[in-house]
Amino acid sequence: MVLPSSAPARAAAPAAVFDWLDEAAELRARAGLTRTLRSRPADDPVLDLASNDYLGLVHHPEVTRAAADAALRWGGGSTGSRLVTGTTALHTELEVELADFCGVEAALVFSSGYAANLAALTALTDPDTLIVSDAYNHASLIDGCRLSRSDVHRAPHSDPQAVAAALAERSRPRALVVTDSLFSVDGNAAPLRELSAAARAHGAALLVDDAHGLGVLGPGGRGALAATGLAGAPDTVATVTLSKSLGSQGGAVLGPRRVIRHLTETARTFIFDTGLAPAAVGAALGALRLLRAEPQRAERAREVARTLAEQLTAAGLRASRPDAAVVSVRAPGPEQAVAWAADCRRAGLAVGCFRPPSVPDGHSRLRLTARGDLTAEQIRFAVRVITTTAP
Ligand SMILES: Cc1ncc(COP(=O)(O)O)c(C=O)c1O
């Protein structure tokens, strides 16, 4: 993104101090990169394929009831940092059940997946660590790398050999390989087994952001580590969000007990942040219990993704081959992507729209969430709308 070149005069009047922001907005507008907020009415009739509600649980009565019960019992907020007053018995229940479900020793709940990623990256590294980070990693992982004060090597996307080479050449004694499990723009899975082998061959730890894998990948939605035989591994840590498949809010770090202890005592986004609100903890617990009782929900989301991708490809569009519940469809450019998404909305379908800086130049696209609760009729409707509005 090009910023305005004109620096404000040293003696600018107070009213002119932020003038450069208007110039920056103008530049974004010219590049087709304006972003605006739209309030969503509670009774929006549009079919939603833009959210991250992969299992369609956000309105499930058991989830909303669990949230309401938690708020009534524990209050509107958690009242403080997790280490002071912000840990309720409900937080501990969620951590125990989440760790058990995902097959790891322990879990630690944060106020967001973003905070969980910052915590894992900053607490598990130091200036004596090399971080090898996939080029397509989520912004929260990138920000964690920036905050870590470690050496960061940006590895080519999904390239275990390049990761191994970077680890072999390092001068730092410690190393951490970090990757998304499922890349949310294209919906492709990371080569986790190969990355783990590369990390192990060079004495490095592996950190996997399973935001888009929990609830969708692995047996019964137990996530990417369970899917690849890495759950419970002593050298592997996962982060998750509670805001996608679990239809709630918040995040967690999952891994060996000593990692969780270290984060509890040192991670700044854990210590200097108010604990997750009880309603969100309750909703996540409700969704987790539902997923345990109805494991077919995970496979159904993957099946919907395959069907959507097949039908869009058959209609002549450039749809991705989904490894989980995300399908992306290429657009010619950022402006066409925005116009396409707007046309879909006018026709009754909400879709995500990715363009720079969220994706590299030339990679603008629509992003579809293959919700596991979609009916065959809703899938046909979505395909019809996307194909008839295609640029
Ligand atoms: C891959 C990935 N990691 C982390 C996050 C952050 O999670 P949260 O929204 O809970 O902060 C997201 C969500 O947007 C994500 O897609």
Side-chain angles (χ1 to χ4, degrees), residues 35 49-55 57-58 67 78 82 91 94-95 98 102 107-122 131 133-147 157-158 177-190 192 195 206-217 223-225 237-255 267-270 273-277 279-281 283-284 287-288 301 305 320 322-328 352-354 357-359 365 367-371:
R35 290 164 196 265
L49 266 64
S51 76
N52 292 310
D53 183 22
Y54 291 126
L55 304 181
L57 292 185
V58 82
S78 75
R82 289 287 311 274
H91 288 79
L94 176 59
E95 286 169 348
L98 201 51
C102 296
L108 193 64
V109 164
F110 288 74
S111 61
S112 71
Y114 202 114
N117 275 341
L118 295 190
L121 273 156
T122 53
I131 300 177
S133 173
D134 188 286
Y136 285 12
N137 274 347
H138 187 259
S140 55
L141 293 176
I142 296 170
D143 291 352
C145 288
R146 288 176 180 157
L147 278 176
H157 178 52
S158 284
V177 175
V178 56
T179 183
D180 280 18
S181 64
L182 195 285
F183 292 90
S184 65
V185 175
D186 262 340
N188 58 310
L192 284 189
L195 288 172
L206 176 64
L207 173 63
V208 179
D209 178 347
D210 203 18
H212 299 274
L214 178 67
V216 180
L217 294 175
L225 297 192
V237 175
T239 56
V240 295
T241 175
L242 311 177
S243 65
K244 301 189 194 296
S245 287
L246 296 185
S248 178
Q249 194 90 28
V253 178
L254 314 170
R268 293 170 68 82
T269 58
F270 185 76
D273 191 31
T274 297
L276 184 63
V281 179
L288 191 61
S320 62
D323 287 331
V326 173
V327 179
S328 83
C353 172
F354 276 76
S358 306
V359 293
R365 64 198 60 214
R367 178 193 187 276
L368 317 175
T369 301
R371 279 189 1 231

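For ligands, and for the atoms within them, numbers begin at 1 and follow the listed sequence.
- Enclosure of atom CD in Glu95 by more than 12 non-hydrogen atoms of other residues, nucleotides or ligands within 6.0 angstrom is indicated.
- Taking Tyr136 as the reference, His157 meet the ring pair (Phe, Tyr, Trp, His ring centres under 6.0 Å) condition, with sequence neighbours excluded.
- In the model, Tyr54 has a side-chain atom that pairs as donor or acceptor with a side-chain atom of His212 under 3.5 Å.
- The protein residues lying under 4.0 angstrom from ligand 1, judged by non-hydrogen atoms, are Ser112, Gly113, Tyr114, Asn117, His138, Ser140, Asp180, Asp209, Ala211, His212, Thr241, Ser243, Lys244, Gly250.
- A side-chain donor-acceptor contact under 3.5 Å links Thr239 and Asn117.
- Side-chain contact between Arg82 and Val109 is present, with at least one heavy-atom pair separated by less than 4.5 Å.
- Within the 4.5 Å cutoff, the side chain of Asp53 has no heavy atoms near those of the Thr369 side chain.
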